[in-house]
Amino acid sequence: MSQSLRIENLHASVDGHEILKGLTLEVPKGQVHAIMGPNGSGKSTLSKVIAGHEDYTVTEGSVFLDDINLLDLEIDERSRAGFFLAFQYPHEIPGVSNANFIRAARQARLPKGQEIDAVAFYREMYAKMDELGMDRKFTARSVNEGFSGGEKKRNEILQMMMLEPKYAILDETDSGLDIDALKIVAQGVNAMRSPERGFLVITHYQRLLDYIVPDVVHVLHDGRIIHTGGKELAYELEEKGYDWIINEPVAA
Amino acid sequence: MVLTPPEETTTRPAASWCDAAPVNDADAGLPDWYLELRSAAWARYNALPVPTRTNQQWRFADLKHLRIDNHALPAPVSASVAADLVARAVSERPAEFAAHFVFANNRLLHAETPALPEGATCLPIEDALATRPDLLRAHFLKHGDFLGGEKFAALHAAATLSGLFVHFPKGRVAEAPVIVHHFIGGEGVAIFPHTLVVAEDHASVSVIDLFESINGKEDTLVVGMADLHADRGGRIQYTSLQDLNDKGAKHVQLQHTRAGRDAAVKVGYLNLGAEWVRNESINRMVESGADCQIFSANLANDVQEYDQRTLQSHEAQHTTSDLFFKNALYDRARTIFSGLIQVQPGSHHTDSYQTCRNLLGSDEAEANSMPGLEIDADQVKCSHGSTSGTISDEEIFYLRARGIPADEARKIISLGFLNESIEKLDGESVKEMLFARIARKFAAIG
């Protein structure tokens, strides 16, 4: 049985335009992979397709979470199967408190008829909020409403910590973060790194990878992975840009 | 007693309401001024025309609900039912409360006043007539302003004896709410609960009326009235929680606020039950610095119709008001919101806002909004608006991406939509009670 998040020959389109054109990569359990790439290369599409966003149509390929093909599952089933997407632009849900939202997500993972132990739930959430430097007031506030960019991203990481996925994609989690917020968010992610969990970190900038050090870096261009290397590749991209890779002949 | 469209001529003698009313057993002890007021109201009721569709104040209303033939005053509930109702009311009230009264079928079943400030009065109207007539008379059934419900108001005045008189003299403050349960039961019966709240200078009180049915399916009518008087610096919060049976219950609630200098009044309406509801909310800011805030959260499903008419009347300089209504509609439910902001001549420096938002959970649901604005003053900041829409797909996607099934996600978002209005009320215990009721209805409608 394969222990990885395995994307195989993934083709996906939106409004008839093909964005992912045969994307293949594998994140084994215990590793952190990064995807970098220029604007429009398909980075955000990849995360939404795996999460199951209905605007995107998968025309070919598969995404395996261990031995489950995620593409066979409903959006919410994918999450409950152990997949997590930290959104680039988390939505605001007016009138729904953050605590109730996370609680509902946890409740959805319990067998029917079993209720969450509220005291233990809050104790755990408070501890994790402390790790992320989040004020307690964020439990009662409406989900993401009026949150700053950094607060929203911290809130994504809090949800990840509370839901303990097997594999997580962080979609440009560093965008809109100042360096202090970035460090805290990275700390949260690093605390969750384990032999039992895999991460795929989508980013524009090498800066994030100083704090969440990847095992492998992939370059995405025009809907395909065109280059794969070690963590030093991120520095090379930062320094030289993408053109030198894009223009090199695709390895057979 | 009958209220029918004009082309029908059925009527019943006044006797069927007033003289035969068991609550009037002690008529002999009632003051003359009250008996006169009552018979004048009865005459007014009979003289007033039944509203018709051509009346702007009843626009969009489904007038079939106005046929309330054959409603009679109810008999008292049995001792065992009374015990059950009191137990139910006690179990659902918050831990902290200033006073708790339970009425069923126009009669008082239970009264507790654990935390009333000294000098404050909480008395059933009937008792107040007997023991504090002068204090009551100063404000009781005084005004004649309504938004189309004049005939209902006259009927109410002719028949009311249940409900509470809350009087807080100068400077008296209760942190915890005054809770009043009104139960109704019996096929074809009507009750007329009255709530009169007076907060003198710098006094502060929160009153919540809960309207509930004893039985699940029954044709019943509640015609309630709430009059709120806040003097200089006084604060009143009044909440109407209507959770009557949705198979036959009708509810008319006529509320009137008079806010004096620097007074602050909050009014909240939560409608969950009943087949048909008419809320009229008049809020007058009569001296400078007065502030009125009116909130409503309504969850309508099946064929429920909630009809709400409001007036924010600015009658002095530097007055402020805010209205924030939310309707979540399912199935073939209908809502009507008609609100007017009126800035009277000379009421300069008024700030007034009005928002009605509708969340449509079905293609067949119908939300009617008629916001309005009349300004006769300068240096005024006013805005009004209404929106209708469905839950955004992106919000549902976000919740589903966290493992929450689609149906549950819709429920959570709708609940949040309504909570946003409730959230603006004061008092955690009152809000908790309202949140719990909304959640209960959401759970029931699946």
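In the text below, chain A, chain B and the rest are named by the order of the sequence lines, each starting its count at 1.
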Colleague: From Ile396(B) CD1 over to Ile93(A) CD1, what is the distance, rounded to the nearest 0.5 angstrom?
Modeller: 9.5 Å
Colleague: Quick one: which of Leu418(B), Ile412(B), Leu415(B), Ile413(B) has the most heavy-atom pairs under 4.5 Å with chain A, could you say?
Modeller: Ile412(B)
Colleague: Would you say Ile75(A) and Phe397(B) make side-chain contact, with heavy atoms under 4.5 Å?
Modeller: yes
Colleague: Identify which part of Pro90(A) has an atom lying under 4.5 Å from any heavy atom of chain B, answering side chain, backbone, both or neither.
Modeller: both
Colleague: I'd like a table of the N/O donor-acceptor pairs between chain B and chain A - cut-off under 3.5 Å, distance only.
Modeller:
residue: Glu394(B); atom: OE1; partner: His53(A); partner atom: NE2; Å: 3.3
residue: Glu394(B); atom: OE1; partner: His91(A); partner atom: NE2; Å: 3.4
residue: Glu394(B); atom: OE2; partner: His53(A); partner atom: NE2; Å: 2.8
residue: Tyr398(B); atom: OH; partner: Asn144(A); partner atom: ND2; Å: 3.2
residue: Tyr398(B); atom: OH; partner: Glu156(A); partner atom: OE2; Å: 2.4
residue: Tyr398(B); atom: OH; partner: Gln159(A); partner atom: NE2; Å: 3.1
residue: Arg400(B); atom: NE; partner: Asp76(A); partner atom: OD1; Å: 3.0
residue: Arg400(B); atom: NH2; partner: Glu74(A); partner atom: OE1; Å: 3.0
residue: Arg400(B); atom: NH2; partner: Asp76(A); partner atom: OD1; Å: 2.8
residue: Ala401(B); atom: O; partner: Ser79(A); partner atom: OG; Å: 3.3
residue: Arg402(B); atom: O; partner: Ser79(A); partner atom: OG; Å: 3.4
residue: Arg402(B); atom: O; partner: Arg109(A); partner atom: NH1; Å: 2.8
residue: Arg402(B); atom: NE; partner: Gln159(A); partner atom: OE1; Å: 2.5
residue: Arg402(B); atom: NH1; partner: Leu85(A); partner atom: O; Å: 2.9
residue: Arg402(B); atom: NH2; partner: Leu85(A); partner atom: O; Å: 2.9
residue: Arg402(B); atom: NH2; partner: Glu156(A); partner atom: OE1; Å: 2.6
residue: Gly403(B); atom: N; partner: Ser79(A); partner atom: OG; Å: 3.0
residue: Gly403(B); atom: O; partner: Arg80(A); partner atom: NH1; Å: 2.8

Colleague: Quick one: of Ala81(A), Pro94(A), Pro165(A), who has the most non-hydrogen atom pairs under 4.5 Å with chain B?
Modeller: Pro94(A)
Colleague: What part of Phe84(A) lies closer than 4.5 angstrom to a heavy atom of chain B: side chain, backbone, both or neither?
Modeller: side chain
Colleague: Got more than 12 heavy atoms from elsewhere within 6.0 Å of CD, Glu92(B)?
Modeller: yes
